[in-house]
Amino acid sequence: MADNAKVKELVLKCMHAREMAYCPYSRFPVGAAILTADGAIITGCNVENASFGLTVCAERTAIQRAVAEGHRKFTAIAVTCDIKDSFVGPCGACRQVLIEFGTDWVVYLTKPDGSYKETSLKELLPLAFTPAHLGN
C-alpha cells in the first residue's frame with residue numbers, strides 16, 4: 001500500500017469529510033477518503049434525504065466524485081464514523097460499488113481518534129459479483 005505519510009493523510013481526510021456529513025435524521029456522520037492509483041485523494045460524506053431511500057453513503061459519494069473527476073483506478077479507502085469502541089466497515093451496497101472498480105483495495109476502518117485497522121475489500125466482500133462475471 002501507500003507509505004505511512006499517505007495513509008495518515010488518507011485517514012485525516014476521511015475524518016474531515018465526516019465533519020461535512022449531512023445527516024439530520026440518523027445523526028450518524030460518516031466520512032470516506034479514496035486514494036486513486038495516481039495518488040489523488042477524493043473525499044465523500046453521507047448525504048441523507050427525507051425520503052430515506054435516496055440517502056447516499058460517504059463511500060458512494062467519494063467514488064462518484066472520483067469518477068466524475070476522471071479517476072477509474074483506486075488503491076485504498078479510509079472510512080470513519082462516530083463509533084468509538086469498534087471499527088465499522090462500509091455497508092454491503094458500498095462494498096459492491098467499490099468492487100466495481102477492482103478487488104485489490106486496501107481498506108482502513110478508522111475510529112474517531114484516528115486509530116485504524118487495515119483490511120481489504122476482498123476480505124470484506126468474499127465471493128463478490130464483479131465485472132469479470134460479465135466478461136468485462
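Everything quoted here is computed from the prediction, not taken from an experiment. As a basis for the values below, the full set of heavy atoms in this structure was taken, side chains included, without hydrogen atoms, waters or symmetry mates.
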Go through F129 and L134 one step at a time and tell me if the side-chain contact (heavy atoms from CB on, under 4.5 Å) criterion holds.
CA-CA 9 Å; F129 181 74; L134 300 174; 3.8 Å; yes
In this structure, NZ of K8 is separated from CG of D3 (nearest 0.5 Å) by 10.5 Å
Does the side chain of I42 reach to within under 4.5 Å of the side chain of E69, using non-hydrogen atoms?
yes
Between R95 (side chain) and L124 (backbone), is there a donor-acceptor pair under 3.5 Å?
yes
Residue R27 excluded, over 12 heavy atoms near CZ under 6.0 Å:
no
Can a salt bridge be assigned to the pair D82 and R18 using a cut-off of 4.0 Å between side-chain N and carboxylate O?
yes
Give a yes-or-no answer on whether the side chains of N49 and S51 include a donor-acceptor pair shorter than 3.5 Å.
no
Could you measure the distance from the NZ atom of K73 to the CG atom of D104? Nearest 0.5 Å is fine.
12.0 Å
Transitively linked via ILVMFWY side-chain contacts under 4.5 Å: V97 with L121?
yes
Measure across P126 and E123 and return the closest heavy-atom pair with its distance rounded to 0.1 Å.
CD-O, 3.6 Å
So, do P24 and E48 sit near enough that their side-chain heavy atoms are less than 4.5 Å apart?
yes
Is the closest side-chain heavy-atom distance between F101 and V67 below 4.5 Å?
yes
SG of C94 to CD1 of I77, rounded to nearest 0.5 Å, is 7.5 Å
Side-chain (T61) to main-chain (C45) donor-acceptor, under 3.5 angstrom:
yes
Any chance you could measure C81, atom SG, to K111, atom NZ, to the nearest 0.5 Å?
10.5 Å
Between the side chain of T43 and the main-chain N/O of K13, is any donor-acceptor distance below 3.5 Å?
no
Establish whether M15 and Y108 are linked, either directly or via other cluster members, by ILVMFWY side-chain heavy-atom contacts under 4.5 Å.
yes
Please examine the side chains of C14 and I34, heavy atoms only from C-beta on, and report whether any two atoms are closer than 4.5 Å.
no
Using 0.5 Å steps for rounding, measure from the CG atom of L125 to the CD atom of Q96.
6.0 Å
Under 4.5 Å between side-chain heavy atoms, counting indirect links through other Ile/Leu/Val/Met/Phe/Trp/Tyr residues: same cluster for L109 and I99 or not?
yes
Working for side-chain contact (heavy atoms from CB on, under 4.5 Å), residues F87 and T119:
CA-CA 11 Å; F87 294 102; T119 187; over 6 Å; no
Can you find a heavy atom in the side chain of E100 that is under 4.5 Å from one in the side chain of P131?
yes
Kindly indicate whether the side chain of I83, heavy atoms from C-beta on, has any atom under 4.5 Å from the side chain of F28.
yes
Hey, any chance V11 and I41 share a hydrophobic cluster, counting ILVMFWY side chains that come within less than 4.5 Å of each other, even indirectly?
yes
Please report the shortest heavy-atom distance between A32 and A17, naming the atom on each side.
O-CB, 3.9 Å
If we check side-chain contact (heavy atoms from CB on, under 4.5 Å) with V79, which of these qualifies: V30, T110, L98?
V30
If Ile, Leu, Val, Met, Phe, Trp and Tyr residues are connected whenever their side-chain heavy atoms lie under 4.5 Å apart, and connections chain through other members, are V106 and Y116 in the same group?
yes
Would a 4.5 Å heavy-atom cut-off, applied to side chains only, mark T130 and H133 as touching?
yes
Tell me the closest heavy-atom pair linking G44 and A62, and the distance in Å.
N-CB, 3.7 Å
Minimum side-chain heavy-atom gap I63-E59 below 4.5 Å:
no
